Amino acid sequence: DANYDSMDKKSSFKSYYDDYTNGFSIQGDIRLGAANLLRTSYNAKEDVHREYNEGEPERRFKDLTQTLALEDTHAFTPRLSLVTGLSFEQRQSLEAQDYNAKTNELSDFARADNTATNGQAGVFYQLGGADSLHASAAHKTRFPTIKDRYSYRMGQALPNPDLKMEEAMHYEVGYSGKLAPSWTVELNLFHSDISNLIQNTILTELGPQCKKGSAKVLCKQNQNIGKVAEDGLELGIRGWLANWELSANYTYLDRDNRSSDDKLTDVPRHKFFADAIWHAGNGWRLTGSAEGYSQRYSSSDGVQVAPGFAVANLKAGYRFPGGTVVEAGVRNIFDKLYEFTEGYPEVGRNWFVQFNTPL
């Protein structure tokens with residue numbers, strides 16, 4: 001109800017879930033020569049999701065993801081180095097169960113595995129002092145998650161067990177250096193070509209599962225929408241004024257759907273963050289920060305839009321001689337009403353106290 005203290009509607013139900021992740025990683029460095037370093041790593045991760053609504057049997061989902069990676073760094077000169085990398089990745093769908101409310105029976109979703117080979121190469125050049133240039137190219141993939149493939153999204157979406165993995169080519173050039181003795185700047189320009197982009201898309205033809213009685217309801221499905229191009233820049237600056245440590249960064253991202261007229265969702269074109277830290281001495285510091293985002297589409301038809309917003313935060317902290325840090329502050333100082341997805345407002349003004357103790 002309006003007070004969020006009782007469930008008295010026909011659409012209300014109690015939903016339970018229990019998730020956990022197991023995994024491990026191994027990394028080793030091999031010095032092949034004075035100018036060459038080879039890094040190796042292996043990662044394995046098991047994701048398990050368990051859910052049920054009250055009065056129903058439990059459904060289980062399990063994925064196993066493994067990655068074997070190599071990265072080689074070769075310094076041709078004290079200023080010029082080349083970094084190359086190669087990875088072999090696999091995601092196995094080990095378990096995925098569906099539930100039929102009419103028969104009160106469990107069945108198995110269709111399961112599919114993904115494999116990928118990714119690579120990257122980057123050139124880094126020191127101009128002198130703290131100034132440097134870099135250029136890189138990388139092929140990357142993103143495997144669809146358990147939620148991407150199997151979630152009904154509270155009855156407003158259809159699962160898509162056949163969802164393909166995203167693939168992308170990323171290109172970047174950048175510069176970092178000093179503006180002044182106590183100020184540094186970073187600038188990166190990037191371009192990405194993405195295929196099989198995964199996006200929650202409104203279905204134009206509603207199936208029988210997208211109806212409640214005789215009424216049609218909004219129904220979505222995660223789909224591979226085709227080819228997308230992204231262009232953007234990142235600009236950051238950091239420096240000191242007396243006892244104040246100041247920083248700010250800005251990101252611009254232009255996304256172009258080259259396969260259809262569907263809007264690309266959940267990503268703003270402009271993003272900004274800034275903070276100011278006053279180092280008051282004797283272990284004390286005061287931090288103020290602000291972040292802002294432009295509007296973003298929440299539905300592929302462009303009807304749902306989350307407007308742009310900015311929020312501010314403030315915290316004070318003290319570091320004890322042993323290294324323990326105690327901080328207290330307030331997030332969203334001005335109690336701004338905002339949302340990353342249209343219709344799902346975020347938390348208003350809230351206070352916190354936190355501790356960080358080294359082992």
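No experiment lies behind these values; they were computed from the predicted model shown.
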Among side-chain atoms of [X] and [Y], is any donor-acceptor pair under 3.5 angstrom?
X      : Y      : value
Ser176 : Ser132 : yes
Asn22  : Glu46  : yes
Asp98  : Ser107 : no
Thr341 : Glu339 : no
His170 : Glu230 : no
His279 : Asn243 : no
Asp47  : Thr21  : yes
Glu89  : Asn118 : yes

Compare every heavy atom of [Y] with every heavy atom of [X], then report the nearest pair and how far apart it is.
X      : Y      : result
Asn350 : Gly348 : ND2-O, 2.9 Å
Asn114 : Pro144 : OD1-CD, 3.7 Å
Ala110 : Pro161 : O-CB, 3.3 Å
Ala96  : Phe61  : CA-CD2, 3.6 Å
Leu264 : Asn257 : CD1-N, 3.8 Å
Phe334 : Arg349 : C-NH2, 3.9 Å

Show your reasoning for whether side chain to side chain contact (heavy atoms under 4.5 Å, CB included) applies to Phe124 and Arg79.
CA-CA 8 Å; Phe124 300 83; Arg79 292 189 175 187; over 6 Å; no
Could you give the distance from [atom1] ([X]) to [atom2] ([Y]), rounded to the nearest 0.5 Å?
X      : Y      : atom1 : atom2 : value
Ser15  : Glu54  : OG    : CD    : 10.5 Å
Ser298 : Asp266 : OG    : CG    : 6.0 Å
Gln199 : Ser260 : CD    : OG    : 8.5 Å
Phe309 : Lys336 : CZ    : NZ    : 9.5 Å
Asn356 : Arg319 : CG    : CZ    : 8.0 Å
Met169 : Ile194 : CE    : CD1   : 12.0 Å

Within a strict 4.5 Å, meaning less than it, do heavy atoms of the [X] and [Y] side chains meet?
X      : Y      : answer
Thr184 : Leu179 : no
Ser195 : Glu166 : no
Thr141 : Arg91  : no
Tyr99  : Asn104 : yes
Ser192 : Asp231 : no
Ser300 : Asn200 : no
His134 : Tyr125 : no
Asn313 : Arg331 : yes

Return the orientation label for the [X] and [Y] ring planes: parallel under 30°, perpendicular over 60°, tilted otherwise.
X      : Y      : result
His191 : Tyr171 : parallel
Trp284 : Tyr318 : tilted
Phe340 : Tyr293 : perpendicular

Any link between [X] and [Y] through a network of hydrophobic side chains (Ile, Leu, Val, Met, Phe, Trp, Tyr) touching at under 4.5 Å?
X      : Y      : value
Leu187 : Leu133 : yes
Val267 : Tyr344 : no
Trp183 : Trp278 : yes
Tyr150 : Leu94  : no
Leu82  : Leu80  : yes

Taking the six-membered ring where the residue is Trp, are the ring centres of Phe272 and Tyr250 under 6.0 Å apart?
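Ring centres of Tyr250 and Phe272 not closer than 6.0 Å.
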For this output row, return yes or no: ring centroids of His270 and Tyr252 closer than 6.0 angstrom.
yes
Looking at [X], I want to see if its [atom1] is surrounded by more than 12 non-hydrogen atoms of other residues, nucleotides or ligands under 6.0 Å.
X      : atom1 : result
Tyr20  : OH    : yes
Lys178 : NZ    : yes
Asp261 : CG    : no

Residue pair Arg238, Glu186: steps toward the salt bridge (charged side-chain N to carboxylate O under 4.0 Å, His left out) verdict
CA-CA 9 Å; Arg238 178 176 293 275; Glu186 292 185 4; over 6 Å; no
Does Arg59 count as lying over the ring of Tyr52, i.e. NZ or CZ under 6.0 Å from the six-ring centre, within 45 degrees of the axis?
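No, Arg59 and Tyr52 do not form such a contact.
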Walk me through whether Asp29 and Leu38 qualify under side chain to side chain contact (heavy atoms under 4.5 Å, CB included).
CA-CA 6 Å; Asp29 296 347; Leu38 177 66; over 6 Å; no
Determine, step by step, whether Gln221 and Thr201 satisfy the side chain to side chain contact (heavy atoms under 4.5 Å, CB included) criterion, reporting the C-alpha distance in whole Å, the side-chain angles of both residues, the deciding distance to 0.1 Å, and the verdict.
CA-CA 5 Å; Gln221 185 182 55; Thr201 303; over 6 Å; no
Passes salt bridge (charged side-chain N to carboxylate O under 4.0 Å, His left out), Lys227 versus Asp193? Steps please.
CA-CA 7 Å; Lys227 296 185 179 297; Asp193 290 310; over 6 Å; no
Side chain to side chain contact (heavy atoms under 4.5 Å, CB included), paired with Asn36, selected from Ile30, Asp72, Thr73
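It is Asp72; the other options fail the test.
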Criterion side chain to side chain contact (heavy atoms under 4.5 Å, CB included) against Phe88, the qualifying member of Thr115, Thr67, Thr117:
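Of all the options given, the one that passes is Thr117.
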Side chain to side chain contact (heavy atoms under 4.5 Å, CB included) between Asp113 and Ser93, intermediate numbers included
CA-CA 6 Å; Asp113 300 336; Ser93 179; 4.1 Å; yes
So, are Arg111 and Asp63 salt-bridged, with charged N and O less than 4.0 Å apart?
no
Could you tell me whether Asp162 and Lys164 have a side-chain N and a carboxylate O separated by less than 4.0 Å?
no
